[in-house]
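Before any comments, here is the structure.
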2 protein chains.
Amino acid sequence: MLQEATGFLTARQLHERLRRRGEQISLATVYRALQALTEDGHLDVTMGTAGEHRYCRCAGDGPHHHLVCRHCGHTIEIKGALLEHWASLVARQHGFTAVAHRLELEGECATCPTQG
Amino acid sequence: MLQEATGFLTARQLHERLRRRGEQISLATVYRALQALTEDGHLDVTMGTAGEHRYCRCAGDGPHHHLVCRHCGHTIEIKGALLEHWASLVARQHGFTAVAHRLELEGECATCPTQG
DNA sequence: TTATCTGCAAACATTTTGCAGCGAG
DNA sequence: CTCGCTGCAAAATGTTTGCAGATAA
């Protein structure tokens with residue numbers, strides 16, 4: 001059902017896509033499904049700068065980050081062991097414990113179909 | 001007026017603080033002031049996981065990141081030259097250009113007043 | 001029967017905006 | 001007068017929830 005989420009989508013965007021494919025699904029159901037799948041760990045969630053949730057279908061194989069094309073939404077997963085190391089080091093230097101980190105990279109991908 | 005924003009605050013939190021100090025300010029005015037100050041570059045904005053904006057008074061001296069205590073909101077600015085380097089390197093490796101990045105570190109600070 | 005899933009619409013939270021009042025120039 | 005700042009309330013947007021009907025075990 002959420003095979004559509006190959007990149008980062010808002011609930012509304014996913015809803016629109018599904019309806020265009022002919023599914024008669026309602027927005028509320030999309031939200032509920034998204035919620036359930038997120039709880040099960042099948043989806044990652046990030047916050048857009050406009051305050052909306054963005055859902056992404058990621059392999060649940062541990063912490064990673066995302067490189068997202070700002071035009072087409074194409075997403076690449078990044079396993080940033082180096083970053084995680086650096087993050088916990090910096091945090092410890094400042095006396096912080098139980099540190100979680102969140103990184104998002106946004107740019108323009110080389111093969112962006114929406115470039116023209 | 002926003003000297004209160006020593007850490008990350010939502011508009012509501014700031015509004016509450018100001019009212020407790022006796023200011024008869026309205027929520028709309030808080031938003032408007034926040035908006036103006038953000039445009040002027042006097043405030044940084046991040047998104048909380050619940051979808052709310054969080055405002056922070058930062059020196060506008062170039063890109064940096066934040067280490068935030070999840071309990072008291074105490075915030076430390078981090079200049080991550082190493083991270084920026086790594087980020088643009090990774091992005092370039094994947095063919096991305098014009099890459100912006102956003103990092104947030106959240107943990108528990110050593111001198112947290114709300115630990116008990 | 002119960003349990004789950006669904007749609008619709010209302011509720012809810014955050015943020016923005018329209019209108020009017022007030023003080024400064 | 002105009003201009004800008006303010007408060008109140010309503011609107012806009014994104015998200016959640018209450019209720020009832022359908023379907024499955």
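Every heavy atom of this structure was used, including side-chain atoms; hydrogens, water molecules and symmetry mates were not. Just so it is clear, the structure is predicted and the values come from calculations on it, not from any experiment.
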Is the distance from OP1 or OP2 of [N] to the nearest side-chain N or O of [X] less than 4.0 Å?
X: His53(A); N: dT15(D); value: yes
X: Arg12(B); N: dA13(C); value: no
X: Ser26(B); N: dC8(D); value: no

Are more than 12 heavy atoms, taken from residues, nucleotides or ligands other than Arg12(B), located less than 6.0 Å from that residue's CZ atom?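 Not more than 12 within 6.0 Å, no.
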
Nearest-Å distance for atom pair [atom1]/[atom2], residues [X] and [N]:
X: Met47(A); N: dT13(D); atom1: CE; atom2: P; answer: 17 Å
X: Gln24(A); N: dC5(C); atom1: CD; atom2: C1'; answer: 16 Å
X: Glu39(B); N: dG4(D); atom1: CD; atom2: P; answer: 14 Å
X: Leu9(A); N: dT15(D); atom1: CG; atom2: P; answer: 12 Å
X: Leu34(B); N: dT16(C); atom1: CG; atom2: P; answer: 9 Å
X: Leu27(B); N: dT15(C); atom1: CG; atom2: C1'; answer: 8 Å
X: Glu23(A); N: dG7(C); atom1: CD; atom2: C1'; answer: 15 Å
X: His15(B); N: dT15(C); atom1: NE2; atom2: C1'; answer: 14 Å

Would a 4.5 Å heavy-atom cut-off, applied to side chains only, mark Glu77(B) and His65(B) as touching?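 They are not in side-chain contact.
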
Side chains of His64(B) and Asp44(B): closer than 4.5 Å at any heavy-atom pair?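 Result yes, sub-4.5 Å side-chain heavy-atom pair found.
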
Between Gln13(B) and Thr10(B), is there a donor-acceptor pair closer than 3.5 Å when you use the side chain of the first and the backbone of the second?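 The answer is yes, because a donor-acceptor pair under 3.5 Å joins these two groups.
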
Between His15(A) and Ile25(A), is there a donor-acceptor pair closer than 3.5 Å when you use the side chain of the first and the backbone of the second?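 Flag set: sc His15(A) to bb Ile25(A) pair under 3.5 Å.
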
His53(A) vs Tyr55(A) aromatic rings, parallel, tilted or perpendicular, using cut-offs 30° and 60°?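 Correct class here is tilted.
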
Should side-chain heavy atoms under 4.5 Å link Ile, Leu, Val, Met, Phe, Trp and Tyr, which residues sit in the same cluster as Leu89(B)?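 For Leu89(B), no cluster forms, as it stays isolated from other hydrophobic side chains.
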
Table of protein N/O atoms under 3.5 Å from nucleotides 17-23 of chain D N/O atoms:
unit_1, atom_1, unit_2, atom_2, d
dG18(D), O6, Arg32(A), NH1, 3.4

